[in-house]
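The block underneath contains the structure these notes are about, expressed in structure tokens.
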Amino acid sequence: MRVRCALRLPGRPLVWLALALCALSCAYSLYRMENLPTRERAGRLTGTVAEVDAGEARLLVRGAAFSGGAGEERLPGNVLLDVETPYAYPLEAGSRICAEVWLLPLQAPQNPGGWDERTYLFTDGVVYRAEGEILAHEDPAFRNPLARAREALAAHTAALLPGHAEEAQVLSALLFGADDALSEETQAAFRRSGTAHLLAVSGLHVGFVMGLAALCFRWMRRNAWPQILCTLAALALYAGLVESAFSVWRAAIVLAMGLLARRFGRRPDGLTSLAVAVIVTLLARPMEVMRAGFQMSAGAVLGILLLGPRVEALLGRVLKPKFLRESVNLTLCAQIGVLPAELFAFHTLPTLSLATNLAAVPLSAAITVLGLPTVLLHMAHPALAAAPAFVLRLLLQALLLLCREVGELPFAMLSLPSPPIFPLLCFLALLGLASPYLGECSRRGRRLLAGAVLAATAASLVLWLPAALRPREPEVVFLSVGTADSALLRSESGNALVDTGWSGSQAVRALQQSGEGLDAVIVTHADADHAGGLQNVLESVEVGAVYLPLGMSRTAVADALAVAEARGVPVRTLARGDTLRVGAFALTVLWPDYVRPGEENADSLVLRAEAGGGSVLFLADVTAETEARLGLPESDVLKVPHHGSATGTTERMLRQVRPQAAVLSVGTPNRYGFPDEGVLDRLEAAGAEIYRTDALGAVCARLTEAGAEVAGFSPPSLREQWTGLP
């Protein structure tokens, strides 16, 4: 009996139920993901459109039935359909469609730290992607009034600020969570400044709306049923109008429970309210537990609830103004609570978010509180909204200026290695030990809980740290970037990137996952499939220097070079005979002497990298003419030139290089038909093992004393995700 009392947390069975439901939902989701369809199929798809993107090129189809060679079957979830050619008639949510499609299984990550399409889409109930053409449709018999109201609000929000499209888009994101139309530059500014949470409607926004509702209904008797019901109706209406997310419904449920608690003369309990929101959400959608948004929203609230009272007491000694103390307390505790999910999902930490949010949150509060009535006034008559719209525009411009100025600072965003799940859960448990809620246990209970949490934390570190600190052998990772080129050269003492691909995002994610920067970014030539992501790389990770071939035209990379200049990154040139040392890699430039106008492919940079006992030869996009002019050295791994185009990879070159492995950086589908069959035949005849990024994802070449060990990328297993053990 004494032990049972010692372990009891009085009055909070719903908290334990929520924790148990999270564990069950996670296990159920992982089981479902492991059993997702893996076979590609062609046939006819019928179903109901649930969502339509702005260009009607992508549809979410529910209740999908598929008829192929084995008859008709009901698919076990939703289908995300990419429409290959525009459909002649407008589609909307609720439309029934019939389409000729090719069903594609959801993909696991294709690169280290890469985007996990499978998890992201599965949380929306998607079990297949599909590509095809719509053959016929039926208009919906009933249009959702909330959907119509959402469209009307979006149209009036856009019309509210004529000539200021960016400000209107930010306003729409702040009010209704519609951030799809925001430019990548604007989203990057909010991410780097640590204010991206403002663009997704969250508890902060719902709190603003509740404050506005309380102001509107203040003429009613306080805490009386009419006032409470009107406020709850306003919260429910707003939650239905915005783009739904856990954070919205969580905040609405927590605030509603607070209202009802006060009505019955009881003190609101934040932890129980959060537990109720989690239980309701996971009973309706068990897969929600896998969403980064769910994890970050719950983590932020937990940070505030568990740490808020103690942190505020500490801040009270140094910050006397109550408003400043509360703002710092909420922002700091929320950032600590969201840290585990942010590190696991995004591998980054905005260093200036605390200071930025002290200014950005009041600005967004003013925009939200003023913006909603202004949009409603515009719906009544545009002239009524003219004056408040002017004030709104000034507030939005101030918010954008703040985020951009902070986001452009080179130290605004840190890339940190992503820990496994088990240490992150232990971190959250340690927050619980620091919370006032622990005082509700007996002394013996506190000791037992503290011992269990500290033992679990120590075990997690013992499992993870030795593997994390183990020296890593040099490796070259040919990233899967479609029909483009990008390769990471990684070693314990330094990293380099040879080309960036179209966007650079694959290299950025890989580096952010491991918390690393780049000593060098080497661009082989100015084509967009090789240098298009240079600006993104420079803006997202720390770069030591940029290297370009001697004589390369800088027009195509002018914006990227402007970023390099602003960040103090030197830009240097390379020509035949130059050597470079990056970490464990010795790099030798074999071509060109100078880039001739109009000969960018033929004169693209040829590079040989050596580390340990292995070597890799990068031939960029050189042609057979260039291959003939070079006496290329033997190399263990060959990066096949120009994605396997027929313009290169001659028999003479293969006799010189004698590669054990040949890597083809190609995507599917590609309009050029790469790789050429003749090139594949010559590689096979030369005895080279062929590795293709369209089939294997990233290709990893580990360089050891024995040479090169080449394999396709394998996503981390569940054991590695949880413990860090390979």
Side-chain angles (χ1 to χ4, degrees), residues 120 169-211 238-239 242-252 254-255 274 277 281 288 291-305 307-308 326-369 371 395-396 398-400 402-404 406-407 412-414 416 512:
Y120 180 81
Q169 291 163 1
V170 173
L171 178 61
S172 184
L174 289 172
L175 296 182
F176 310 114
D179 59 353
D180 295 342
L182 290 174
S183 67
E184 179 57 37
E185 179 186 359
T186 301
Q187 294 188 52
F190 277 88
R191 281 196 305 269
R192 289 184 59 81
S193 62
T195 56
H197 63 97
L198 298 176
L199 298 177
V201 175
S202 63
L204 190 68
H205 302 73
V206 178
F208 297 155
V209 172
M210 183 172 177
Y238 180 69
V242 301
E243 295 193 5
S244 181
F246 166 72
S247 57
V248 177
W249 290 103
R250 182 263 303 162
V254 169
L255 292 173
L274 175 62
T281 300
E288 191 75 18
R291 279 185 184 271
F294 174 92
Q295 299 158 11
M296 295 177 72
S297 178
V301 178
L302 276 176
I304 293 169
L305 292 174
L307 296 181
E326 290 180 348
S327 298
V328 172
N329 178 40
L330 288 175
T331 304
L332 179 61
C333 293
Q335 186 168 325
I336 293 173
V338 87
L339 181 63
E342 188 165 22
L343 282 179
F344 185 77
F346 305 110
H347 328 299
T348 57
L349 178 68
T351 57
L352 302 175
S353 64
L354 178 60
T356 309
N357 277 285
L358 291 177
V361 169
L363 276 172
S364 65
I367 292 168
T368 303
V369 173
L395 292 172
L396 287 162
L399 179 62
L400 280 167
L402 171 68
C403 294
R404 282 175 179 155
V406 173
M413 181 76 79
L414 286 181
L416 299 174
Q512 288 178 342

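Residues Val406 and Thr356 share a closest heavy-atom pair of CG1-OG1, 3.5 Å. Pairing each heavy atom of Pro350 with each of Ser193, the nearest pair is CB-C, 4.4 Å. Here the closest non-hydrogen pair linking Leu198 and Ala360 is CD1-CB, 3.9 Å. Between Thr348 and Glu342, the shortest heavy-atom contact is O-CG, 3.5 Å. For Asn357 against Gly194, the heavy-atom pair with the smallest separation is ND2-O, 3.1 Å. Minimum interatomic distance between Met413 and Arg192 (heavy atoms only, all atoms of both residues): CE-CA, 3.5 Å.
Residues Arg250 and Val301 have side chains in contact (heavy-atom distance under 4.5 Å, counting atoms from C-beta outward). Looking only at side-chain heavy atoms (C-beta outward), Phe190 and Leu182 stay at 4.5 Å or farther from each other. Using a 4.5 Å heavy-atom cutoff, the side chains of Leu399 and Leu174 are in contact.
A distance of 10.5 Å separates CG in Leu175 from OG in Ser364, rounded to the nearest 0.5 Å. Note that the CG atom of Leu395 and the CG atom of Leu400 stand 11.5 Å from one another [nearest 0.5 Å]. Taking CZ of Arg191 as the start and NE2 of His197 as the end, the distance is 14.0 Å to the nearest 0.5 Å. Rounding to the nearest 0.5 Å gives a distance of 12.0 Å between CG of Leu307 and CG of Leu330. Here the CE atom belonging to Met296 is positioned 9.5 Å from the CG atom belonging to Leu339, to the nearest 0.5 angstrom. The line from OG of Ser183 to CD of Gln169 is 7.0 Å long, rounded to the nearest 0.5 Å.
A side-chain donor-acceptor contact under 3.5 Å links Gln335 and Ser353.
No donor-acceptor distance shorter than 3.5 angstrom exists from the side chain of Ser297 to the backbone of Gly293, with no hydrogens or angles considered.
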